[in-house]
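Both ligands and their constituent atoms are indexed starting at 1 by order of listing.
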Amino acid sequence: MHLQLTEEQDSLRDSVARFLEKASTVDAVREAEPLGWDPRVWAGLALMGVPLLGVSHEHGGSGADLSDLAVVAEVCGARLAPAPVVEAMVAARLLANFPEPAVGVLAVLAEGGPPVAIALHPVVDGQARMVPGAAVSSAIVALDGPDLVLVVHDDLPSSSANLGSAPVADVDLTTGTRVVLASGERAASAHARAVDEWRALTARWFVGLGREAQGLGVQYAKDRTQFDVPVGSFQSVQHRFADLAADLDGADLLAHKAVWTLDVADATAEVFPTMAFWFAGDAAQRAAAWSLHVHGGYGFMEEYDIQLHFRRAKATRLLLGDPRRELQHLAGCLWDDPTTGPIPGSGHRPTVGITVRPDDGRSIDAAPTTAQREGFDFSLGPDVEAFRREVRTFLATHVTDEVIEAAHRTGTVHDRGLHQAMAEAGWISAGWPAEFGGQGRSPLEMNALTEEMYLSGAPVDGLGVASLVAHTLLIDGTDWQKRTIIPEILTGRALCCLGYSEPDAGSDVAACATRAIRDGDEWTINGQKMFTTLAHEARYVFLLTRTNTSVAKHKGLTMFVVPMDRPGISITPVHTMGGERTNITYYDDVTVDDKYRVGEVDGGWQTMMTALVFERNSAWYGELVRLLDHGLGWARSAPSPAGGPMIDDPLVRERLARIAIGNEVSNLLGWRAAWMASEGTLPGVEGTMAKLFTTEHYQFAANELLDALGIDGLTRHGDPGAPADGWIEAIYRHCQVTTIYGGTSEICRGIIAERGLQLPRNR
Ligand SMILES: Cc1cc2nc3c(=O)[nH]c(=O)nc-3n(C[C@H](O)[C@H](O)[C@H](O)COP(=O)(O)OP(=O)(O)OC[C@H]3O[C@@H](n4cnc5c(N)ncnc54)[C@H](O)[C@@H]3O)c2cc1C
């Protein structure tokens, strides 16, 4: 896995950006309206070889990959370049498949001649509707019945004023000089491939536009003052920006993945361009709309620039028709072909339904791994894949239905037997260096392990908390703690629980009132903690205490790792709507030696921050996959009132497709955090984005699926005849807590807005 551009792509981006900064200024973009065409911009890009960038050397191009074209597309989106660059690059690549009949047109492009357009929709009665770029192109490629045709016109088709000020036009293909490039299956598949390339490149164009629009809004919110403060310090403004920042980052990753799949894996690549086009278009449109709104009345004025982005985002989204039809198309790609296997080269379950599960009767071996590529590369590589296989095999044996049922029945999301078996297999310490008895597994391998655990349905809380405490001890702990407590955790002998929350200190965890008072080498602790999950199983509580009341509240905290068997600790169970059991813990004159203190006296806040990064970076994606699996299982087996299974119902298909896209975005945000960790960075804001997006999407997905079940969804797990064995109803209840613990969504949004987007501090 590698999530960065190559040096060559960086310099390509810089040179196109430098040129467009001068040529595609806002004034130039405005002057190019309403046609959306500036011949100087096109001429400059043609001089740089952009139209034929993706065409082989043999046919006069530069032989670049789609990933290089994507760099250009993104910059064009950011600068609103008034020229049909994406369309022309795609059309040129398509034509290069038919060099003989297309040689003349390719030569014209090579000489800096006018663009070539591609009709995205099949031609009806000789007419191609609203073809992007056609109003300024001398030629058009289109699928007309069984034929892929190239039609050269002497006169340009006329364009009408349109929402996006784009050079779109209806084209009459019964006139002009017409050449048939291919017929039948070859024509259809070449055109479909070109449309997928257009989807993927346009997704990158959306990312460029969306980020630029977001940037305009954020800047305005920093500069504009109301009520004596910058409007960007208002939480209602910050939080929308934060959601959009996560969406745009997800769109960015998804669009890169779409391009990558087209570059490395032609066969089943259509899924990701469709997902990326839908999601990036949606995110860009919403980012532009919110930024416009944040400009208040000024955003509505033509004089302000944000309306340029707003109109283009929406208009470009409509070029393939009603965006909801893209969801139907995606559903077809994902679920209509029972033989569809894993996406070659993706190296992991890309989305549910085309996946590799032992119970599918398919093997993960079916997924070839590509050699590591330069630039963006979403394959995990042979080592991670081999480790993942090993973990999957292990979990298939140990995570039995009984283990899953017991966690559900007791509400304790931990299984001692499984935990011990994991310890014996070396999985708990797998990510640790050999000096701790570990296997030195990379953050990517560890992410694969966690993801596999979630995918298997394993009760994971015990492992998750234990390893976050162990990691925090590794950073902030003493030698004694590293030698004594870390090995206890890593060998499965000790479990931990987190004692942060209190009756009056939840999100504001620094308001902690549990007192620790020092007397020589001993501390005495008094107080009460809320929601101490797993306290009834744990050997240690990672306890936040107040040690100083005469300084600012963040500065008077100290962290301890307190043995749960100390006299004075008592536990009261708390039962929850989602079925999980948590606890209230009381500390009544509990004494501990100073050796149990973690970090500096009064330095508990820093220790807490380190621990929180580990907590938010968990691979939640597996939970989403299981939910969609339940939904798919139901949709394939339940009869629809219209006849056939529910999976044939357009309403159900749309819901499932929308969920599948969010799942993929969540997957990518999680893997990005893991990749950053593998590069030696602690992904604070990025991990928070993954947590925020994933948990919000989890609730969205559960809600959608429960709605789809209708009245049958009321029945619970264990009731005979409950759809999906009642799991969707159970998840619907459970998932409500995921936007609360580990930092509520509001707290996450605040972090993204203030640390990520640098918006002014909230009052
Ligand atoms: C099942 C479960 C298990 C848990 N496990 C643990 C555990 O093991 N250890 C532990 O220490 N804690 C645990 N928690 C506690 C959890 O971390 C807290 O519930 C969470 O931090 C929120 O605190 P609170 O419940 O006091 O809500 P509050 O902080 O009172 O929040 C109430 C509402 O106000 C919003 N809000 C608060 N502050 C702001 C702000 N600055 N801006 C905007 N909105 C704000 C919140 O988002 C929320 O919607 C668990 C909770 C549950 C339900």
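Between the side chains of Gln606 and His554, no donor-acceptor pair is found at a separation under 3.5 Å. With hydrogens and angles left out, the side-chain atoms of Asp589 and Thr591 include no donor and acceptor closer than 3.5 Å. Judged by distance alone, the side chains of Gln214 and Trp290 never bring a donor and an acceptor atom under 3.5 Å apart. Ser745 and His239 are not linked by any side-chain donor-acceptor pair at a separation below 3.5 angstrom, with hydrogens and angles left out of the test.
In terms of N/O distances under 3.5 Å, ligand 1 is not approached by Glu580. The shortest N or O to N or O distance between Phe531 and ligand 1 is below 3.5 Å. Of the N or O atoms in Thr582, none lie within a sub-3.5 Å distance of an N or O in ligand 1. At under 3.5 Å, a nitrogen or oxygen of Thr744, whether backbone or side chain, sits near a nitrogen or oxygen of ligand 1. Residue Leu498 places at least one N or O, backbone or side chain, under 3.5 Å from an N or O of ligand 1. Taking distance alone, with nitrogen or oxygen atoms compared against 3.5 Å, His239 stays at or beyond that limit from ligand 1. On a distance-only criterion, Glu502 and ligand 1 share no N/O pair closer than 3.5 Å. Below 3.5 Å of separation, one finds no N or O of Thr576 facing any N or O of ligand 1.
Using a 4.0 Å cut-off between a side-chain N of Lys or Arg and a carboxylate O of Asp or Glu, Arg761 and Glu754 qualify as a salt bridge. The pair Asp252-Arg211 counts as a salt bridge, with a side-chain nitrogen and a carboxylate oxygen less than 4.0 angstrom apart. Of the charged side-chain nitrogens involved, none lies within less than 4.0 Å of a carboxylate oxygen, so that Asp479 and Arg483 do not count as a salt-bridged pair. For Glu488 and Arg493, the salt-bridge test fails: no basic side-chain N is under 4.0 Å from an acidic carboxylate O. With respect to Asp508 and Lys553, a salt bridge is recorded, a charged nitrogen being found less than 4.0 Å from a carboxylate O. Look at Arg733 and Glu729 and you find a salt bridge, because one of the NZ, NE, NH1 or NH2 atoms lies within 4.0 Å of a carboxylate O, short of that distance. Salt-bridge annotation for Glu502 and Lys529: present, with a side-chain N of the basic residue lying under 4.0 Å from a carboxylate O of the acidic one. Checked for salt-bridge contact, Arg240 and Asp243 miss the test: no charged N lies under 4.0 Å from a carboxylate O.
When non-hydrogen atoms are compared, ligand 1 lies under 4.0 Å from neither the backbone nor the side chain of Asp508.
Distance remark: protein heavy atom present below 4.0 angstrom from atom 46 (C) of ligand 1. Remark: atom 30 (O) of ligand 1 lies closer than 4.0 Å to no protein heavy atom. At a distance under 4.0 Å, a protein heavy atom can be found next to atom 11 (O) of ligand 1. Distance remark: protein heavy atom present below 4.0 angstrom from atom 16 (C) of ligand 1.
Considering only non-hydrogen protein atoms, atom 18 (C) of ligand 1 sits nearest to Ser501 OG, 3.9 Å. In terms of protein heavy-atom proximity, atom 49 (O) of ligand 1 is nearest to Glu746 OE1, 3.8 Å. Given atom 23 (O) of ligand 1, the protein heavy atom at minimum distance is Gly506 CA, 3.3 Å. From the protein, the heavy atom lying nearest to atom 38 (N) of ligand 1 is Ser507 CB, 3.6 Å. The protein heavy atom nearest to atom 2 (C) of ligand 1 is Tyr741 CD2, 3.8 Å.
By the 30° and 60° cut-offs, the orientation of the rings of His295 relative to Tyr220 is parallel.
Among Thr532, Ile747, Val737, the residue whose heavy atom lies closest to atom 53 (C) of ligand 1 is Val737. Nearest-heavy-atom check against atom 20 (C) of ligand 1 across Asn583, Ile740, Asp461 picks out Ile740.
Listed by number with element, the atoms of ligand 1 under 4.0 angstrom from any heavy atom of Thr533 are 3 (C), 4 (C), 5 (N), 6 (C), 7 (C), 8 (O).
Residue Gln235 places a heavy atom less than 4.0 Å from ligand 1.
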